[in-house]
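Along the sequence shown, residues carry numbers from 1. Every value quoted in this text rests on a predicted model; they were computed, and no experiment measured them.
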Amino acid sequence: MRLSQVIWNGKITAAIFESGGLARPIPDYTVQDLIRRSEIDKISISDLASKRAMSHAEEVMPILPIHPREVWACGCTYEMSATFRDAEHNTREGFYAHVFNSSNRPESFFKGTARVCVGPNQPIGIRSDSKFTAPEPELAVVLGQGGKVLGYTLANDVSAWDIEKENPLYLPQSKVYNACCSLGPVIVTPDELADPYNLQMTCSITRDGKEVFRGEVNTSKLNRKIETLVEYLFRANNVPSGSVLCTGTGIIVKEENALAPGDVVTITVPEIGELSNTAAIV
Ligand code: DO4
Ligand code: MG
């Protein structure tokens with residue numbers, strides 16, 4: 001099932017997306033409400049959504065697919081990310097490669113809450129004190145009780161890399177600020193996404209209608225199992241149901257393509273869809 005949220009009768013409403021941009025709203029439910037109700041009633045979200053959705057499909061635009069209770073993100077899960085960051089830093093050699101190569105603890109950090117999240121076609125943020133902000137296209141999972149993977153979506157872990165580069169202790173400032181996290185366009189339930197480790201992801205940046213950057217990665221290059229990332233996240237940490245975990249970037253945008261206001265970033269995975277946002281100073 002492909003679930004998201006739409007504005008319907010003036011309210012944020014969960015909806016089942018079908019082909020051709022048509023969706024069936026689920027009156028009186030947000031995606032968080034569906035998760036909560038399905039956990040109380042011990043039925044799958046797909047069954048609950050099918051039962052409660054309207055029979056008639058409408059042409060509606062997906063918005064933020066979930067207002068997450070918390071968003072967490074993993075780092076250095078693709079070699080590209082670790083190598084690039086080590087090359088950029090003046091810190092201890094192999095600082096990031098060490099995390100990439102570690103068979104034990106992965107990197108994870110708090111990315112924020114629904115407050116910093118935007119959905120498809122909403123502006124993503126460039127901090128006014130950053131000269132080098134870049135998109136980080138990532139596969140993300142929506143987590144239920146105890147870390148159960150309820151579905152997959154796309155994330156843009158927008159990051160002020162110059163701030164991180166100045167000193168790794170500034171990571172929270174490079175990662176968490178207004179409109180730093182884009183999610184969408186839909187959440188695909190695990191039964192409809194056969195292999196999360198074989199997804200071809202593309203990211204493009206378009207400026208004044210001209211493509212200035214294009215990168216690709218396959219999630220087969222993800223160096224960790226999603227269940228390992230979730231297992232570490234939940235150690236001594238009761239992450240609430242209805243949270244999101246971003247699994248790290250394998251596409252690196254260099255400084256010459258730093259985001260400028262008006263740039264359009266588009267992340268695509270055919271099995272999930274297209275997440276497009278315009279950059280703006282925040
Ligand atoms: O270590 C810093 C952040 C890494 C990250 O966000 C990523 O690899 O995606
Ligand atoms: Mg990232």
Side-chain angles (χ1 to χ4, degrees), residues 1-39 41 43-68 71 114 117-124 135 137-144 148-156 179 181-196 198-204 206 209 219 241-242 244 246 264-278:
M1 178 174 286
R2 302 168 71 78
L3 269 176
S4 193
Q5 302 191 118
V6 298
I7 300 293
W8 190 68
N9 288 344
K11 274 171 47 185
I12 296 171
T13 304
I16 302 174
F17 274 76
E18 300 180 339
S19 53
L22 295 174
R24 292 190 290 129
I26 308 172
D28 300 324
Y29 279 85
T30 63
V31 165
Q32 283 292 358
D33 295 333
L34 279 178
I35 293 174
R36 201 171 312 117
R37 178 47 56 196
S38 76
E39 286 174 347
D41 293 352
I43 62 166
S44 73
I45 298 203
S46 306
D47 286 350
L48 177 63
S50 307
K51 263 196 215 153
R52 301 292 163 99
M54 300 195 31
S55 50
H56 139 99
E58 303 185 7
E59 206 168 314
V60 272
M61 296 298 283
I63 59 163
L64 184 62
I66 181 171
H67 286 73
V71 181
C117 292
V118 299
N121 303 313
Q122 287 189 298
I124 44 171
E138 306 190 6
L139 177 67
V141 286
V142 176
L143 299 172
K148 181 174 178 203
V149 173
L150 302 177
Y152 300 89
T153 191
L154 300 179
N156 190 344
C181 181
S182 172
L183 298 171
V186 295
I187 300 165
V188 182
T189 52
D191 54 309
E192 287 211 9
L193 199 139
D195 186 4
N198 186 20
L199 301 173
Q200 192 62 24
M201 183 180 289
T202 311
C203 174
S204 69
T206 306
T219 54
S241 172
V244 166
C246 307
V264 179
V265 179
T266 304
I267 303 170
T268 311
V269 164
E271 291 84 344
I272 302 176
E274 191 178 280
L275 176 62
S276 205
N277 301 92
T278 302

Review point. Atom CZ in Arg36, atom CG in Asp41: separation rounded to 0.5 Å?
Key: 12.5 Å
Point to revise | Glu58 side chain near Leu22 side chain, heavy-atom distance below 4.5 Å | key: no
Exercise for review: Just do the side-chain contact (heavy atoms from CB on, under 4.5 Å) check on Val265 and Asn156 with the steps written out, would you?
Suggested key: CA-CA 9 Å; Val265 179; Asn156 190 344; 3.6 Å; yes
Exercise for review: Hey, could you give me the CD1/OG distance between Ile66 and Ser4, rounded to the nearest 0.5 Å?
Suggested key: 10.0 Å
Review point. Distance only, no hydrogens: is a donor on one side chain within 3.5 Å (strictly under) of an acceptor on the other, for Arg37 and Tyr29?
Key: no
Check your understanding: Is there side-chain contact between Leu183 and Val244, with heavy atoms separated by less than 4.5 Å?
Key -> yes
Revision key, fill the gap. Tyr152 and Pro190 have their tightest heavy-atom pair at CE1-CA, 4.0 Å
Exercise for review: Taking atom types as modelled, find out whether Glu39 and Ser241 have a side-chain donor-acceptor pair closer than 3.5 angstrom.
Suggested key: yes
Practice item. Determine yes or no for a side-chain-to-main-chain donor-acceptor pair under 3.5 angstrom, with Thr13 supplying the side chain and Ile7 the backbone. Key: no
Review point. Which pair of non-hydrogen atoms, one from Ile187 and one from Val31, has the smallest distance, and what is that distance?
Key: CD1-CG1, 4.1 Å
Check your understanding: Does the pair Ile35 and Ile45 meet the rule for a side-chain contact (heavy atoms from CB on, under 4.5 Å), with working shown?
Key -> CA-CA 6 Å; Ile35 293 174; Ile45 298 203; 3.5 Å; yes
Practice item. Show your working on side-chain contact (heavy atoms from CB on, under 4.5 Å) between Leu139 and Val269 and close with a plain yes or no. Key: CA-CA 9 Å; Leu139 177 67; Val269 164; 6.0 Å; no
Study note, to complete from the structure: Separation between CD (Gln122) and SG (Cys117), nearest 0.5 Å, reads 10.0 Å
Point to revise | Reported CG-to-CG distance for the pair Leu3 and Leu150, which is rounded to 0.5 angstrom | key: 10.0 Å
Check your understanding: Which pair of heavy atoms, one from Val118 and one from Ala179, lies closest together, and at what distance?
Key -> CG1-CB, 3.9 Å
Exercise for review: Check Cys203 against Pro135 and note the closest heavy-atom contact, atom names and distance.
Suggested key: SG-CG, 4.4 Å
Check your understanding: Taking Thr266 for the side chain and Ser276 for the main chain, is one N or O donor matched with an acceptor at less than 3.5 Å?
Key -> no
Point to revise | Validation row: Val149, Leu143 side chains within 4.5 angstrom (heavy atoms) | key: yes
Exercise for review: Before giving the answer on side-chain contact (heavy atoms from CB on, under 4.5 Å), spell out for Val188 and Thr153 the whole-Å C-alpha distance, their side-chain angles and the decisive distance to 0.1 Å.
Suggested key: CA-CA 7 Å; Val188 182; Thr153 191; over 6 Å; no
Check your understanding: Donor-acceptor pair, Gln32 side chain versus His67 backbone, under 3.5 Å?
Key -> yes
Point to revise | Under 3.5 Å donor-acceptor, Gln5 side chain and Leu64 backbone | key: yes
Exercise for review: Work out which heavy atom in Ile267 is nearest to a heavy atom in Ala155; give both atom names and the distance.
Suggested key: CD1-O, 3.7 Å
Exercise for review: Find the distance between CE (Met54) and CH2 (Trp8) and round it off to the nearest 0.5 Å.
Suggested key: 4.5 Å
Review point. CG/Leu275 to CG/Leu154 distance, rounded to the nearest 0.5 angstrom?
Key: 6.0 Å
Check your understanding: Between Asn277 and Val264, is there a donor-acceptor pair closer than 3.5 Å when you use the side chain of the first and the backbone of the second?
Key -> no
Point to revise | Shortest non-hydrogen contact from Pro185 toward Pro65 | key: O-CB, 4.1 Å
Exercise for review: State whether Asp28 and Arg52 are salt-bridged, where the test is any N-O pair (Lys NZ or Arg NE/NH1/NH2 against Asp/Glu carboxylate O) under 4.0 Å.
Suggested key: no
Check your understanding: Charged N to carboxylate O below 4.0 Å: is that the case for Arg24 and Glu18?
Key -> yes
Review point. Does Glu271 use its side chain to pair, donor to acceptor, with the backbone of Leu193 at less than 3.5 Å?
Key: no
Review point. Does the side chain of Ser50 pick up a donor-acceptor pair with the side chain of Asp47 at under 3.5 Å?
Key: no
Practice item. Look at the side chain of Ser46 and the backbone N and O of Met1, then say whether any donor-acceptor pair between them is shorter than 3.5 Å. Key: no
